[in-house]
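The next block holds one structure in the form of structure tokens; read it before the comments.
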Amino acid sequence: MLLSTTDEDVLDAAEALGEELVAMQSDADDFEFETVLRQCNEAINEETGIQYDDICDTGDCC
């Protein structure tokens, strides 16, 4: 859970998540990675109220 709402903190958290996803992608099979990615999108949706997968332009999964 993100406790601070400063822009810098949010960007740092997003960058850390992105780095973890990149590292995981090289070790996971496609199904496992897409499952984790969908779970991340759902968590982002719940925390922010923004439907992240609706605003990114990569198909049905970001």
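Atom set for the values below is all heavy atoms of this structure, side chains included, hydrogens, waters and symmetry mates excluded. Bear in mind the structure is a predicted one, so any value in this text is a computation, not a measurement.
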Revision key, fill the gap. One should read off an interatomic distance between Gln25 CD and Glu32 CD, to the nearest 0.5 angstrom, of 11.5 Å

**Study point:** Distance in Å, Leu17 CG paired with Asp12 CG, rounded so as to fall on 0.5 Å steps
**Key:** 12.5 Å

Review point. In Å, rounded to the nearest 0.5 Å, how long is the span from CD of Glu34 to CG of Asn41?
Key: 11.0 Å

Exercise for review: Rounded to the nearest 0.5 Å, what's the gap from CD on Glu42 to CZ on Arg38? Could you check?
Suggested key: 8.5 Å

Review point. Do Phe33 and Leu21 pass the side-chain contact (heavy atoms from CB on, under 4.5 Å) test, and can you show the C-alpha distance, the side-chain angles, and the key distance before you say yes or no?
Key: CA-CA 8 Å; Phe33 180 72; Leu21 288 172; 4.3 Å; yes

Review point. Is the number of heavy atoms from other residues, nucleotides or ligands within 6.0 Å of CG (Asp29) greater than 12?
Key: yes

